[in-house]
Protein chains: 2
Amino acid sequence: MLTPRKQPRQQRSRETVAVILEAAAQLFQRHGYAGTTTNKIAERAGVSIGSLYQYFPNKDALLVALAEHYLTQSAEQVAQVFSRAAEHRPSLHDLLTDLVGCVADLHTDRPELHRLLFDQAPRTPGLVTRFRQAEQQIAGALAGELRRLRAGGPDPGLSALLAVQGIEAQLHGALLDQPDGRDTSGHVQAVIRLWHRALAAAP
Amino acid sequence: MLTPRKQPRQQRSRETVAVILEAAAQLFQRHGYAGTTTNKIAERAGVSIGSLYQYFPNKDALLVALAEHYLTQSAEQVAQVFSRAAEHRPSLHDLLTDLVGCVADLHTDRPELHRLLFDQAPRTPGLVTRFRQAEQQIAGALAGELRRLRAGGPDPGLSALLAVQGIEAQLHGALLDQPDGRDTSGHVQAVIRLWHRALAAAP
DNA sequence: CAATAATGCGAGCTATTCTCAGTTTTCGGT
DNA sequence: ACCGAAAACTGAGAATAGCTCGCATTATTG
């Protein structure tokens with residue numbers, strides 16, 4: 001059990017949950033996951049440790065809750081890219097520019113939070129699945145666009161999945177563990193060019 | 001300090017270190033990192049907890065030592081791919097087949113160990129750097145081959161880095177967090193095809 | 001064969017997660 | 001307004017895991 005312990009019913013307790021999550025986010029970002037104790041989180045939130053454990057069965061559950069929130073928000077951003085695409089039917093290059101730009105923004109908007117969740121995700125069972133889900137959802141949408149553009153080769157579904165996985169890894173490497181001396185915008189441009197060549201329909 | 005506490009000088013202590021690492025590897029793989037206590041490791045290794053902490057300053061150091069060993073071994077495997085390439089000067093497609101196959105083997109040979117290290121790496125400061133180093137080293141070698149083949153576009157160095165990051169992420173997703181219903185060898189083939197299109201010299 | 005250095009030992013100190021019995025606050029019905 | 005029940009809150013402390021330190025044992029050196 002990672003999320004469900006007790007559902008807050010009254011207004012008071014909903015605020016308690018919110019203030020706990022806010023405190024957790026701040027302390028995790030400042031001192032890292034291991035460097036933050038649940039007692040400190042409760043203290044900072046101005047509630048007792050008992051209240052914290054009334055809504056979160058363990059420390060990991062705090063992380064899962066933060067990730068849930070973050071992933072939902074991210075999914076909305078990416079969904080907008082595809083709803084724009086459905087309307088304007090852009091070229092492959094324009095679509096990739098939009099998509100890669102969006103994912104890059106997700107990294108740079110709140111880099112600490114992004115890194116925190118990404119770093120902790122692998123060791124928290126539920127989170128890996130959740131991340132993969134988001135990945136597949138985006139890949140599904142991308143696959144649709146590739147079919148419209150007659151791009152992505154014989155198996156657009158698979159190509160789309162590989163593209164999503166690749167783009168995420170490349171941008172993560174570029175924006176969060178920056179190899180020294182490379183300029184960011186050139187890096188992003190290179191990612192777009194590369195995927196354009198990989199996915200473009202044969203001429 | 002993550003590695004250096006005391007250097008084992010006598011034969012006896014070198015065996016102690018070896019048996020501790022062996023026990024750590026087994027227990028980490030069986031019960032996960034968090035699910036393994038240092039006391040259990042010492043017990044399984046047949047040494048006292050004090051001896052363990054004489055050579056490893058903390059629990060993370062055990063992980064770093066295992067990673068060090070694994071990365072060295074992996075680097076050798078990949079180096080062989082490029083020394084073969086230097087001799088036979090293969091086509092881009094053959095080179096990619098060899099490289100991707102090699103990286104895939106690294107994932108499937110000891111999947112538990114690979115996943116363990118990969119999952120824990122992000123939260124262990126020294127390990128991230130160490131992984132990125134390995135990545136850049138491989139990218140450097142690949143960049144050389146791309147230049148020979150006049151492939152990889154205007155900046156073969158950057159293209160090579162993106163390729164290495166992408167391939168690792170895609171194979172990791174395919175082999176360790178398998179999306180249901182996809183066959184593995186087809187997946188690997190798709191990765192090769194995709195990178196061939198992305199990197200091939202314009203005709 | 002001392003004297004010295006290296007290695008090994010494990011009870012217990014410290015810090016952290018999480019529980020639980022009891023108190024306070026809110027809510028619904030009369 | 002009042003009361004009983006449910007929800008929310010509290011914090012001492014149980015349980016556990018990482019790690020230390022003083023001392024015992026084994027190897028090396030001169």
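Just the heavy atoms: all of them, side chains too, but no hydrogens, waters or symmetry mates, feed the values below. Naming convention: chains lettered A, B, ... in sequence-line order (proteins, then strands); numbering from 1 in each chain.
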Measure up the A:His172 and A:His114 rings against each other and bin them: parallel (under 30°), tilted (30 to 60°), perpendicular (over 60°). tilted

Distance in Å, B:Leu113 CG paired with B:Arg115 CZ, rounded so as to fall on 0.5 Å steps: 12.0 Å

Under a 4.0 Å heavy-atom cut-off, which of residues 20-44 of chain A touch DNA chain D? none

Within a reach of under 6.0 Å around CZ of B:Arg14, are more than 12 heavy atoms found that belong to other residues, nucleotides or ligands? yes

Look at A:Ser48 and D:dC9 and indicate whether a side-chain polar atom (N or O) is within less than 4.0 Å of OP1 or OP2. no

Indicate whether the side chain of B:Gln77 and that of B:Gln73 have a donor and an acceptor atom separated by less than 3.5 Å. no

Do the ring planes of A:Phe28 and A:Tyr33 sit parallel (below 30°), tilted (30 to 60°) or perpendicular (above 60°)? tilted

Of all the choices, D:dT10, D:dA7, D:dG18, which nucleotide is nearest to the side chain of A:Gln10 once you look at every atom? D:dA7

Distance-only donor-acceptor pairs under 3.5 Å for side chains of residues 161-171 of chain A, two or more places apart:
unit_1: A:Gln165; atom_1: NE2; unit_2: A:Glu135; atom_2: OE1; d: 3.1
unit_1: A:Glu168; atom_1: OE2; unit_2: A:His107; atom_2: NE2; d: 3.3
unit_1: A:Gln170; atom_1: OE1; unit_2: A:Trp195; atom_2: NE1; d: 3.0
unit_1: A:Gln170; atom_1: NE2; unit_2: B:Leu162; atom_2: O; d: 3.0

For the side chain of B:Arg12, starting at C-beta, report the closest nucleotide among D:dT10, D:dA27, C:dC18. D:dA27

Let me spell it out: for each of B:Ile49 and B:Ser13, pick the nucleotide of DNA chain C with the closest heavy atom. Which residue's pick is nearer the 5' end? B:Ser13

Out of C:dG8, D:dA8, D:dT20, minimum distance to the side chain of B:Thr16 belongs to C:dG8

I want to verify a distance call: between D:dT10, C:dT19, C:dA11, whose nearest atom is closest to the A:Gln54 side chain? D:dT10

Counting side-chain heavy atoms from CB outward, which of D:dC19, D:dA8, C:dT17 is closest to A:Lys59? C:dT17

